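All values below come from the heavy atoms of this structure, side chains included, with hydrogens, waters and symmetry mates left out. What you see is a predicted model; the values in this text were computed from it and never measured. Below, read A as the first sequence line, B as the second, and so on, with proteins coming before strands; counting in each chain starts at 1.
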Amino acid sequence: MAVYDQTTTNLLVVWRLASRPNARVQVMGAGLACCSLEVEAAAATGLLVREEAEPPKPEPPTATVLVVAGTITEALEPALERLHAELVQQGPVRVMSFGACATSGGPYWDAPTVAKGIRSFPVESYVPGCPPRPEALVAELERLVDSMAAA
Amino acid sequence: MTSEPSPRRGVIALIPDACTSCMLCVKECPTWCIELDSHPEQIEELGARPRTVNVLDDFRIDYGLCMYCGICIEVCPFDALEWKPDFNYPASTRSGLSQDTQQLARWLAESASDS
């Protein structure tokens with residue numbers, strides 16, 4: 001559906017970890033709700049760098065971390081699912097569930113239109129918080145990126 | 001980060017000895033993320049009537065659900081819950097975010113840099 005085509009691209013922001021400038025792992029931020037502000041906060045303090053703000057890397061990324069940050073409404077769930085499917089076709093993907101909403105529905109645990117967390121694809125790591133601190137995002141990203149580089 | 005993070009939005013730690021298993025936090029939690037198990041025990045002291053107290057068996061906070069509102073800390077009549085600065089406790093499984101009494105008590109003594 002056209003509306004999902006629009007949404008899928010809008011969901012994504014590509015980041016690089018400032019502390020791992022040479023990692024061939026790209027970080028995809030799927031910002032669905034307020035948790036995405038913590039991703040921005042990490043960028044504001046220089047921990048994350050927006051992809052387009054940097055010169056293009058000579059080598060293409062070999063792996064991807066998908067950060068799902070925010071409430072997954074049932075309306076947006078198919079778009080998220082498709083986004084994940086598209087990323088999987090491009091290479092290895094690890095999913096980070098960032099915050100209570102992406103993990104379990106969080107404060108919206110009994111809302112009829114909210115999915116009780118990510119349920120359509122496997123999750124590599126769950127970062128707790130409502131929202132988690134930006135430092136928690138970066139610490140877990142570093143761990144994921146290092147483990148993917150070692151693999 | 002250059003500055004030490006504030007204890008807010010860190011973690012909620014438990015002082016098990018201060019908890020009387022009154023269940024106020026469990027009932028007030030908006031997301032029902034606290035689980036508490038206790039059993040009654042008779043205490044008999046010389047010269048006093050026997051009385052019954054609740055003994056805490058297990059106290060769990062599911063940080064996959066917790067919205068860090070601090071209501072549990074506010075309502076606790078015995079100040080058994082406290083904000084602590086640790087923010088770095090991710091898990092590889094959903095159930096790994098549920099923290100037990102021992103871990104909650106461990107956070108009491110820890111600062112953010114220890115984790």
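- For chain A, the nearby parts of B:Leu65 are the backbone and the side chain; heavy atoms of each come within less than 4.5 Å.
- Atom CG of B:Asn88 and atom CZ of A:Arg133 lie 11.5 Å apart (nearest 0.5 Å).
- Interface with chain B: from residues 94-106 of chain A, residues A:Ala100, A:Thr103, A:Ser104, A:Gly106 qualify, criterion being any non-hydrogen pair under 4.5 Å.
- Looking only at distances, a side-chain donor or acceptor of A:Trp109 sits under 3.5 Å from a matching main-chain atom of B:Pro30.
- Distance CZ/B:Arg9 to CD/A:Glu135: 8.0 Å, rounded to 0.5 Å.
- With B:Pro90 as the fixed residue, the side chain to side chain contact (heavy atoms under 4.5 Å, CB included) test singles out one of A:Leu144, A:Leu137, A:Val127: A:Val127.
- The cluster map of Ile, Leu, Val, Met, Phe, Trp and Tyr, joined by side-chain heavy atoms under 4.5 Å apart, puts B:Ile71 and B:Leu24 in the same cluster.
- Tracing side-chain contacts under 4.5 Å through hydrophobic residues (I, L, V, M, F, W, Y), one never reaches B:Ile15 starting from B:Leu81; they form parts of separate clusters.
- Residues A:Pro131 and B:Tyr68 have side chains not in contact (no heavy-atom distance under 4.5 Å, counting atoms from C-beta outward).
- Applying the side chain to side chain donor-acceptor pair (under 3.5 Å) test to B:Asp57 and every residue at least two apart in sequence or in another chain returns B:His39.
- Scanning residues 65-73 of chain A against chain B with a 4.5 Å non-hydrogen threshold yields no residues.
- When heavy atoms are compared at a cutoff of 4.5 Å, A:Pro107 approaches chain B by way of both its backbone and its side chain.
- More than 12 non-hydrogen atoms from other residues, nucleotides or ligands lie less than 6.0 angstrom from OH of B:Tyr89.
- Residues passing the ring-ring contact (aromatic ring centres under 6.0 Å, His included) test with B:Phe78: none are found, sequence neighbours excluded.
- Contact count against chain A (heavy-atom pairs under 4.5 Å) is highest for B:Ser92 among B:Cys66, B:Ser92, B:Gly96.
- A:Leu37 is not connected to B:Met67 by any chain of hydrophobic side-chain contacts under 4.5 Å among Ile, Leu, Val, Met, Phe, Trp and Tyr, and they are in different clusters.
- In terms of hydrophobic clustering, with Ile, Leu, Val, Met, Phe, Trp and Tyr side chains grouped at heavy-atom distances under 4.5 Å, B:Ile73 and B:Trp107 are assigned to a common cluster.
- Residues A:Val114 and A:Tyr126 fall into different hydrophobic clusters, defined by Ile, Leu, Val, Met, Phe, Trp and Tyr side chains chained together at heavy-atom separations under 4.5 Å.
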